[in-house]
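See structure below.
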Amino acid sequence: MAVIVAVLAVLLVGVVAAVFIDRIRRKGPSIDAPAAGARPKKREPMPAETMLHLLPTAAVLVDDHDTVRLANAAAVSMGIVRDGSIAIPELRQLVRRCRRSGEAQTAELALDRGSFPRRELTVGALTQPMENGDVGLVVDDLTEAKRVETVRRDFVANVGHEIKTPVGALTLLAEAALDARDDPEAVQRFLTRMQREASRLSRLVQELLDLSRLQGGDPLPDQTVVHVDAIIEEAIDRTRLVAEAKQIALVRGGEPGLYVTGSESQLVTALSNLLDNAVAYSPPRTRVAVGVHLRDDVVDISVTDQGVGIDGRDRERIFERFYRADPARSRETGGTGLGLAIVKHIVNNHGGEVTVWSEPGSGSTFTIRLPGADATLERPTPRSDDAATPQEAATT
């Protein structure tokens with residue numbers, strides 16, 4: 001749908017640009033002669049010409065010798081016009097085809113332009129014949145619209161697949177429990193598995209809602225100066241039971257008494273997701289460490305495990321939605337493939353970044369980097385039910 005809307009927008013802008021070009025071509029560079037005894041007036045830009053240069057869509061007027069008579073700023077910045085001619089062969093052919101047929105031509109082209117910031121471009125182009133063999137050309141970059149449409153399509157497909165799996169499992173388990181109603185042990189086993197699948201489905205729906213809210217550009221709720229120690233304590237507390245079940249020690253170190261600005265609840269969610277992953281992908285009787293350091297007014301919060309590690313080609317994609325480096329293990333742990341995507345969006349919304357270092361067999365280190373809080377801002381007072389530590393007292 002986004003691509004269709006973009007193409008229609010190209011056609012509409014093309015018609016408007018063609019009218020502007022035609023007016024400019026008709027009027028030309030001439031100006032009215034001043035009256036006798038009057039000072040010559042400085043020529044002001046024509047409204048049509050000014051509007052043409054403000055358009056984000058490239059607009060070009062080409063004469064019958066394929067020489068560019070007029071090009072707006074977008075046409076130059078996109079690299080369509082160079083040295084007084086159209087630099088892209090596919091667009092030159094489209095202009096010539098329009099001139100020969102005398103009819104408007106439209107096309108969607110995939111361009112491989114090494115001089116562009118990104119090599120592959122998808123553009124929508126429209127040519128309109130003018131008088132005396134001139135041709136008006138408008139070009140719009142559809143690359144981002146195509147990418148968004150692909151992401152949206154993949155997202156819908158992935159959501160359908162992820163929801164279908166636990167729903168299908170619940171259906172089969174319910175049928176099995178009915179068939180085994182005379183066997184209490186079997187019924188108990190099936191009901192336990194049903195509970196697990198229901199929890200997984202509930203977690204998936206909640207994470208989809210969280211991710212949708214984070215990507216929607218909603219303002220951060222309850223932005224305050226947040227104590228990093230409080231974030232770590234809450235995140236570790238949320239992960240402690242799962243870690244204890246695997247006999248994994250959760251330890252913390254680094255600099256106490258640091259602050260960042262943002263939403264405490266969202267930052268706790270981001271760090272909890274990293275800790276959950278670290279525990280899930282670590283063998284029993286190992287250690288997961290949380291470290292905090294201040295470097296150049298940036299607070300680094302790192303989570304290091306002694307787990308299986310991540311292969312190089314997977315490291316580039318692990319923050320994508322629904323991507324799993326180890327699908328089999330994710331199924332066992334109930335992972336949805338959304339945890340790291342949520343971490344990335346939360347951190348980006350706070351003006352920070354998240355990085356990863358990992359080697360197969362050597363564990364992983366995920367680091368959240370956030371701007372430190374301004375020292376002049378008012379810091380939160382300790383909760384009445386939670387006495388301040390010596391470190392906190394020293395920094396307040």
Side-chain angles (χ1 to χ4, degrees), residues 1-30 43-152:
M1 181 61 70
V3 175
I4 295 175
V5 172
V7 173
L8 291 176
V10 171
L11 297 180
L12 179 60
V13 171
V15 174
V16 176
V19 174
F20 285 167
I21 291 172
D22 187 56
R23 288 182 180 178
I24 294 169
R25 185 188 61 78
R26 288 176 182 273
K27 187 168 184 178
S30 63
R43 179 176 178 265
E44 296 180 357
M46 294 178 292
E49 185 177 357
T50 302
M51 289 292 294
L52 194 64
H53 282 285
L54 292 176
L55 290 175
T57 298
V60 184
L61 179 64
V62 185
D63 65 15
D64 56 350
H65 297 293
D66 286 344
T67 300
V68 173
R69 296 184 56 189
L70 175 70
N72 68 349
V76 176
S77 63
M78 290 176 65
I80 294 172
V81 174
R82 189 178 300 119
D83 299 328
S85 62
I86 296 178
I88 300 175
E90 295 90 339
L91 295 178
R92 285 200 302 268
Q93 295 172 8
L94 189 67
V95 168
R96 292 169 182 170
R97 189 160 64 246
C98 174
R99 185 183 297 116
R100 289 194 303 267
S101 66
E103 298 179 352
Q105 303 287 323
T106 61
E108 182 177 302
L109 306 173
L111 307 178
D112 184 9
R113 308 301 300 164
S115 60
F116 281 74
R118 51 181 183 274
R119 291 184 58 83
E120 294 184 0
L121 291 177
T122 300
V123 299
L126 166 68
T127 55
Q128 177 71 42
M130 306 289 184
E131 296 178 359
N132 302 325
D134 291 356
V135 175
L137 166 68
V138 290
V139 181
D140 195 27
D141 186 357
L142 304 179
T143 307
E144 182 64 16
K146 284 280 192 181
R147 187 193 69 80
V148 170
E149 185 67 19
T150 300
V151 170
R152 181 175 296 144

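Keep in mind that what you see is a predicted model, and the values were worked out from it rather than measured.
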Given the rule in the side-chain contact (heavy atoms from CB on, under 4.5 Å) test, do I88 and M78 qualify, once you have shown the distances and angles that lead to the verdict? CA-CA 11 Å; I88 300 175; M78 290 176 65; over 6 Å; no

For [X] versus [Y], what's the shortest heavy-atom pair and its separation?
X    : Y   : value
A104 : C98 : CA-SG, 4.5 Å
A59  : A75 : O-CB, 4.0 Å
A87  : G79 : CB-O, 3.7 Å
A125 : L91 : CB-CD2, 3.9 Å

All side-chain contact (heavy atoms from CB on, under 4.5 Å) counterparts of R97, not counting sequence neighbours: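 Checked R97 against side-chain contact (heavy atoms from CB on, under 4.5 Å); matches are L94, R100, Q105.
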
For T67, side-chain contact (heavy atoms from CB on, under 4.5 Å) partners two or more places apart: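 side-chain contact (heavy atoms from CB on, under 4.5 Å) check on T67 returns D63, H65.
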
Contact check, side chains of V123 and E90, non-hydrogen atoms, under 4.5 Å: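 No, every pair of side-chain atoms sits at 4.5 Å or beyond.
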
I need the [X] [atom1] to [Y] [atom2] distance, nearest 0.5 Å.
X   : Y    : atom1 : atom2 : answer
R92 : D66  : CZ    : CG    : 8.0 Å
L70 : L137 : CG    : CG    : 11.5 Å
R69 : M130 : CZ    : CE    : 10.5 Å

Test your reading of the model: is there a side-chain donor-acceptor pair from T122 to the backbone of A110, 3.5 Å cut-off?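 Between the backbone of A110 and the side chain of T122 there is no qualifying donor-acceptor contact (under 3.5 Å).
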
I'd like to check the salt bridge (charged side-chain N to carboxylate O under 4.0 Å, His left out) partners of D64; sequence neighbours left out, ordered by chain and number.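 For D64, no residue satisfies salt bridge (charged side-chain N to carboxylate O under 4.0 Å, His left out) once neighbours in sequence are set aside.
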
Just one of V135, N72, D134 clears the side-chain contact (heavy atoms from CB on, under 4.5 Å) bar with L61, so which one?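 Going through the options one by one, the only one that passes is D134.
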
Intermediate values then yes/no, side-chain contact (heavy atoms from CB on, under 4.5 Å), V139 and L109: CA-CA 10 Å; V139 181; L109 306 173; over 6 Å; no

